[in-house]
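Quick notes on the structure that follows.
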Amino acid sequence: MTSALAVPILDDDLEARLRARMAEVEDALLHHVESEAPFVTRAARHLMEAGGRRFRPLLVLLAAETGDAGAPGVLTSACVVELTHLASLYHDDVMDEADLRRGAASANARWDNHVAILTGDFLFSKSSELTADLGPEAVRLQARTFTRLVEGQILETLGPQDDQDPLEHYLRVVAGKTGSLIATSARYGAMFADAPTDVVEALTEYGEKVGVAFQLSDDILDIVSETEDSGKTPGTDLREGVPTLPVLIAQRSTDPADARLLELLGSDLTEDAPHAEALALLRVHPAMAEARAYVVSLAAEAKGLLKVLPESTVRTALEAFADAVATRSS
Ligand code: FPP
Ligand code: MG
C-alpha cells in the first residue's frame, strides 16, 4: 500500500506515480541505513520510523517530473536528501536539548548525546556514500549544501554581530540551515531528470525560497501549535533563546502595550512560568500575522519562478507544494 503525500497533488496520474515512487524511496531508505551493528541500524531507523513528511524527497521526485522522471539518479538523490536531513535532526536535537521529535523521544532523550551525535554522523556518511554513486557534480553540490547547513547552524548559535540587523542575520541563518537542502532537493530532481538548464536554475531558486518559507512556517508553528499537532515540544525556540521570525518582528515594536512582552523576550525563558507567559503574549501579538504574511509572500515569489515551465500538471503541483509549505499546520 502507498501512503498519502505531504502535499495535495490534483492530478490523479501524477499523484499515483509519485506515491509509487515515494514507496520505493521509503524501502530504499530502510535498506540504506542498515549497519553491521544491529544497534546502529535501530538507532538510525528510530526517527525515520517515527514519521516525517518526506518533503525533501518528494520535492526531488516532483522536480524530476520536469524532465525524464525515471532517469537513474532521481531515486538515489531523493534518498540522499532525506538521509542528510535526518542526520541533521539527530544533531539538532542534541544542540536544542529537545526531548521530542516526530512525536517520539528524540535520540538524545531515548539514548544519550553520544548515541545521537554518532547516529547523525552515521546517517550523514551513508548519504555521502550514496552521493558518490551520483558522480562528481552531485558530490560537489552535496558538500556545498553541507557547508551551508553547518554555517547556518553556527551563525544561529553565534547570534547577530553588533552591527548586524537581527532579522537580516536570522534570514541568512534560515537560508543556510534549511533553504540550502531544499534548494538542492529541487536541483537534484531537475538535474538528474536532464531538465533544461534554465529549469534547473529556476527550480533551485524556487527550492531555496520554499525552504526558507518552510523554516519560517516551522518557527510560527513552534509558537502556535500544541504538542499533539507538531510532534515536537512547542515553544522550544523561545525556551532556548533562539529568536525566530515572530519574535524578531515583535522586538521591533515601540508600542508601550508590548512592554511586558519585550521585557520577557529580553530575559531568561528557561523556567516554565515566564516561558508560558511569553508564549501566551506572542500567540496573540500582531507579529504572528506579519510573520505569516511574509511567508506567504515568499511562497508567491517561489511560484513566480515556475513561469519558466509550461502550464502543466507538474507546474500546478509545484505551486501547490509552495502553498502547502507556506500554510502548513503541522
Ligand atoms: C532544525 O532547525 C535544524 C536544521 C534544519 C539543520 C541543522 C543542521 C545541523 C545540526 C548541522 C549538522 C548537519 C548534519 C547533516 C550532520 P530547528 O531547530 O529550528 O527546527 P526544529 O523545530 O525541527 O528542531
Ligand atoms: Mg531544533
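Numbering of residues begins at 1 and proceeds along the displayed sequence. Just follow the structure's listing: the first ligand is 1, and inside any ligand the first atom is 1.
- The distance from ligand 1 to the heavy atoms of Thr178 drops below 4.0 Å at these ligand atoms: 5 (C).
- An N or O contact shorter than 3.5 Å links Arg101 to ligand 1 by distance.
- Side-chain atoms of Thr41 and Ser35 form no donor-acceptor pair, as typed in the model, at a separation below 3.5 Å.
- The protein heavy-atom contact nearest to atom 14 (C) of ligand 1 is Phe146 CE1, 3.3 Å.
- For Gln215, every heavy-atom contact with ligand 1 shorter than 4.0 Å involves the side chain, none the backbone.
- At a threshold of 4.0 Å, the pair Arg101-Asp92 counts as salt-bridged, since one of the basic side-chain nitrogens sits closer than that to a carboxylate oxygen.
- You'll find the ring centres of Tyr90 and Trp111 outside the 6.0 Å limit.
- Nearest protein heavy-atom neighbour of atom 11 (C) of ligand 1: Val150 CG2, 4.1 Å.
- For atom 7 (C) of ligand 1, the nearest protein heavy atom (residue, atom name, distance) is Gln153 OE1, 3.3 Å.
- Contact annotation for Tyr90 and ligand 1: no heavy atom of the residue comes within less than 4.0 Å of the ligand.
- For atom 20 (O) of ligand 1, the closest heavy atom belonging to the protein is Asp218 OD2, 3.6 Å.
- Between Phe146 and Phe124, the ring center distance clears the sub-6.0 Å criterion.
- Using a non-hydrogen distance threshold of 4.0 Å, His85 does not register as a contact of ligand 1.
- Within ligand 1, counting atoms from 1 as listed, the ones closer than 4.0 Å to a heavy atom of Phe124 are 15 (C).
- Clustering ILVMFWY residues whenever any of their side-chain heavy atoms sit less than 4.5 angstrom apart, transitively, puts Leu155 in a cluster other than the one holding Leu181.
- In this structure, Val212 and Ala175 approach most closely via the heavy-atom pair CG2-CA, 3.8 Å.
- Neither the backbone nor the side chain of Thr236 has a heavy atom within less than 4.0 Å of ligand 1.
- No heavy atom of Asp222 sits closer than 4.0 Å to any atom of ligand 1.
- Among all protein heavy atoms, the one lying closest to atom 16 (C) of ligand 1 is His91 ND1, 3.4 Å.
- Heavy atoms only, all atoms of each residue included: Gly152 and Val173 are closest at O-CG1, 3.5 Å.
- A salt bridge is defined here as a Lys NZ or Arg NE, NH1 or NH2 lying under 4.0 Å from an Asp or Glu carboxylate O, and Asp121 with Lys126 fails to meet this definition.
- Below the 2.8 Å limit, the Mg ion (ligand 2) has as protein N, O or S neighbours Asp92 OD2, Asp96 OD2.
- Using a 4.0 Å cut-off between a side-chain N of Lys or Arg and a carboxylate O of Asp or Glu, Arg56 and Glu82 do not qualify as a salt bridge.
- Ring-plane geometry between Phe321 and Tyr206 is classed as tilted, the angle between the planes lying from 30 to 60 degrees on a 0 to 90 degree scale.
- Thr184 and Gln142 are not linked by any side-chain donor-acceptor pair at a separation below 3.5 angstrom, with hydrogens and angles left out of the test.
- Shown in contact with Thr84 at under 4.0 Å from a heavy atom are these atoms of ligand 1, numbered in order with element: 15 (C).
- The distance criterion of under 3.5 Å between nitrogen or oxygen atoms is met by Asp92 with respect to ligand 1.
- Between the side chain of Ser180 and the main chain of Lys177, no donor-acceptor pair closer than 3.5 Å is present.
- The shortest N/O to N/O separation between Asp93 and ligand 1 does not fall below 3.5 Å.
- When only interatomic distances are considered, the shortest N/O to N/O separation between Lys177 and ligand 1 falls below 3.5 Å.
- A salt bridge does not link Glu271 with Arg239: none of the charged nitrogens is closer than 4.0 Å to a carboxylate oxygen.
- By the 4.0 Å N-to-carboxylate-O rule, Glu151 lies too far from Arg172 to be salt-bridged with it.
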